[in-house]
Amino acid sequence: MPSLRCLSCKTNYPTHEKLYTCPACDGLLDVTYPIDEMSGERLMSLWDWRRASPRTIDQSGVWRFRELLPEATEDEIVTLTEGNTQLWEAPRSAKFAGVDRLVLKHLGMNPTGSFKDLGMTTGITQARRLGAQMVACASTGNTSASMAAYAARAGMKSYVFIPSGQIALGKLSQALDYGAVVLQIEGDFDDAMRLVREVASETPIYLLNSINPFRLEGQKTIAFELLQQRGWQIPDRIVVPGGNLGNSSAIAKGFRELLERGVIARMPKLTIIQAEGSNPLYRMWSEKSEVLAPLSPAWTLATAIKIGSPVSWPKAIRGLHCSNGTVESVNEQEIADAKAIIGSDGIGCEPASAVTVAGIRKLVAAGEIDPGEDIVAILTGHVLKDPDYTVNYHRGTLTYAPPGGERISIHSNYANAFIQVPSEKQALLSALQL
Ligand SMILES: *Cc1c(COP(=O)(O)O)cnc(C)c1O
Ligand SMILES: [Zn+2]
């Protein structure tokens, strides 16, 4: 049976206890599974067979892999048949980044438009197993959209704590539509996070931030599904945006579990990319420090990764070490240009996702990535989550102000501005530039 194990003191706890961190030392918890006799070969053929099965739990790109997920009966599982997101060739992004070939896995194609759905199906299912009727999270947007949707499916009440004025409108509208109680906190994400943890510890509300180990279990299936789509061929490198560091930790855990069970023979290099104004992991990594120093205030226009005190950093560091990975940091201009290039591939993504292509480009230029590597970059959110950003970039009106600094204009190097034309055919024809 799976159990919860503390990352620091290694104490084990049963999964039916409502725990977020270790009661003994406050360390992060991992869901761990016994390594049973089922071989890697057997797992692969079972999982491949399920892709063609019409059962809902087999069609879910998370629950298809249930041999390596927390226990739940079919009745308990709350799913929107998440996952099954595409792998797309991105030739223009590859050329921009300086690599021969680049494949993007677009997790923005999930039911609520971000990878958070993968963790929310396991998180809300665990909430149901524990008998919770109320759930809550602090969010920069996508977590709240996803939690609100899955809570609605499960008939639970949901509470969302968002930092005021710092959330993309597309995401806020989703939380409202799915019926969450939305509380705007006069503070930043890290304040909202601290408050929701305090509230959850004093009430029957079940906390669904990524400190919750059950969310990471769903997100680790990104590694499984990615390999399954590639016929179980391992890429050399996997590139992921880093905010709270739950997703990068989860993906590394997924690959490690497959390695331990003989499904794969080596780990792809985990490569985490952060935004310059919210890059505490990058600083820690390049300074070779033992602990992460929170960054306050954190800033970036990529609000999904605007986080100065990422909770999952010890797990991310573990993933970097066991995969021979690395961390890079990119600035606002680099993010904005990379996003436009991804758009020019006919794909599109929200700003936080674009750090991947920007980061690959930087690592190639630095000689750290070989242009011939087999690379998969993870796009985390849908292009329609933050249309303001995209329109401002193409119009040449995208600006940002670092704390205490002057307002800076982003250069719209790949702008595709709209053209004003009089309502007259001749003017229109000349504007078409045929
Ligand atoms: C949540 C989120 C991230 C950051 O993921 P972490 O697990 O917090 O590192 C990146 N991009 C998007 C679109 C997100 O919603
Ligand atoms: Zn402990």
Side-chain angles (χ1 to χ4, degrees), residues 4-13 19-30 85 105-110 112-120 123 137-147 167-168 170-171 174-175 189-190 193 208-213 215-216 218-220 222 239-253 270 272-275 278-282 298 300-316 319 327 335 339 342 348-356 359 377-386 389:
L4 286 168
R5 179 183 299 150
C6 173
L7 215 65
S8 309
C9 74
K10 313 291 178 203
T11 311
N12 284 297
Y13 304 94
L19 297 175
Y20 310 111
T21 54
C22 175
C25 78
D26 206 32
L28 296 176
L29 296 172
D30 258 334
T85 55
K105 182 166 174 61
H106 205 329
L107 299 173
M109 303 308 285
N110 269 295
T112 77
S114 82
F115 73 79
K116 302 298 197 295
D117 294 343
L118 305 174
M120 218 42 90
C137 69
S139 175
T140 58
N142 284 329
T143 301
S144 54
S146 183
M147 186 189 73
I167 160 169
K171 306 175 186 182
Q174 286 180 288
F189 172 81
D190 300 308
M193 183 72 211
L208 276 171
N209 273 101
S210 60
I211 186 113
N212 184 317
R215 274 194 45 206
L216 299 201
Q219 288 172 210
K220 85 183 176 195
I222 294 167
V239 185
V240 197
N244 227 340
L245 302 172
N247 209 32
S248 36
S249 301
I251 291 171
K253 183 172 191 281
L270 177 67
I272 303 175
I273 318 291
Q274 296 201 295
S278 303
N279 64 359
L281 184 77
Y282 171 75
T300 167
L301 293 174
T303 49
I305 50 173
K306 185 176 171 181
I307 292 166
S309 182
V311 290
S312 293
W313 70 264
K315 291 183 177 176
V327 188
I335 298 170
K339 182 174 134 47
I342 296 167
C349 60
E350 71 165 279
S353 308
V355 300
T356 51
I378 301 295
L379 300 183
T380 44
H382 198 280
V383 65
L384 294 178
K385 289 279 190 175
D386 193 352
Y389 181 102

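As the structure lists them, so they are numbered: ligands from 1, and atoms in each ligand from 1.
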Any heavy atom of Ile305 under 4.0 Å from ligand 1? The part involved is side chain
Scanning both residues in full, the closest heavy-atom pair of Gly242 with Gln274 reads O-NE2, 3.3 Å
Do Ile211 and Thr21 come within less than 4.5 Å of each other through their side chains, counting heavy atoms only?
yes
- Task: Looking only at distances, please establish whether an N/O atom of ligand 1 is found under 3.5 Å from an N/O atom of Ala352.
- Result: no
Within the 4.0 Å heavy-atom cut-off, what Glu350 brings close to ligand 1 is side chain
Nearest non-hydrogen protein atom to atom 5 (O) of ligand 1, with distance, is Phe115 CZ, 3.3 Å
All heavy atoms of Lys385 vs all of Gly113, minimum pair found to be CE-O, 3.4 Å
For ligand 1 and Gly243, I'd like to know whether there is a polar contact (N/O to N/O, distance under 3.5 Å). yes
The atoms of ligand 1 lying under 4.0 Å from a heavy atom of Gly246, numbered in the order shown, are 6 (P), 7 (O), 9 (O)
For Ala304 and Ala352, the nearest pair of non-hydrogen atoms, with its separation, is CB-CB, 3.7 Å
*asked:* Is it the case that ligand 1 has an N or O less than 3.5 angstrom from some N or O of Asn244?
replied: yes
Quiz item: Do any nitrogen or oxygen atoms of Asn142 lie less than 3.5 angstrom from nitrogen or oxygen atoms of ligand 1?
Solution: yes
**Item:** Donor-acceptor contact present, side-chain Ser114 to main-chain Thr380, <3.5 Å
**Value:** no
Checking heavy atoms under 4.0 Å, the part of Lys116 that sits near ligand 1 is side chain
Heavy-atom closest pair (Val311 atom, Leu28 atom, distance to 0.1 Å) is O-CD1, 3.7 Å
Exercise. Got an N/O contact under 3.5 Å between Gly242 and ligand 1?
Worked result: no
With rounding to 10 degrees, Cys6 SG, the Zn ion (ligand 2) and Cys22 SG define an angle of 110°
Numbered in order shown, the ligand 1 atoms found under 4.0 Å of a heavy atom of Gly381 are 13 (C)
Note: SG(Cys25)-the Zn ion (ligand 2)-SG(Cys9) angle, rounded to 10 degrees, equals 120°
Heavy-atom nearest pair, Met120 first then Ser146, reads CB-OG, 3.3 Å
Closest to atom 7 (O) of ligand 1 (heavy atoms only, candidates Ile273, Val311, Asn247) is Asn247
Looking only at heavy atoms, the pair that brings Arg215 and Asn209 closest together is NH1-C, 3.2 Å
Only one of Asn110, Asn142, Thr112 passes side-chain hydrogen bond (donor to acceptor under 3.5 Å, both in side chains) with Asp117, and that residue is Thr112
**Study point:** Close N or O approach (Thr380, ligand 1; < 3.5 Å)
**Key:** yes
Compare all side-chain heavy atoms of Cys22 with those of Ser8 and state whether any distance is below 4.5 angstrom. no
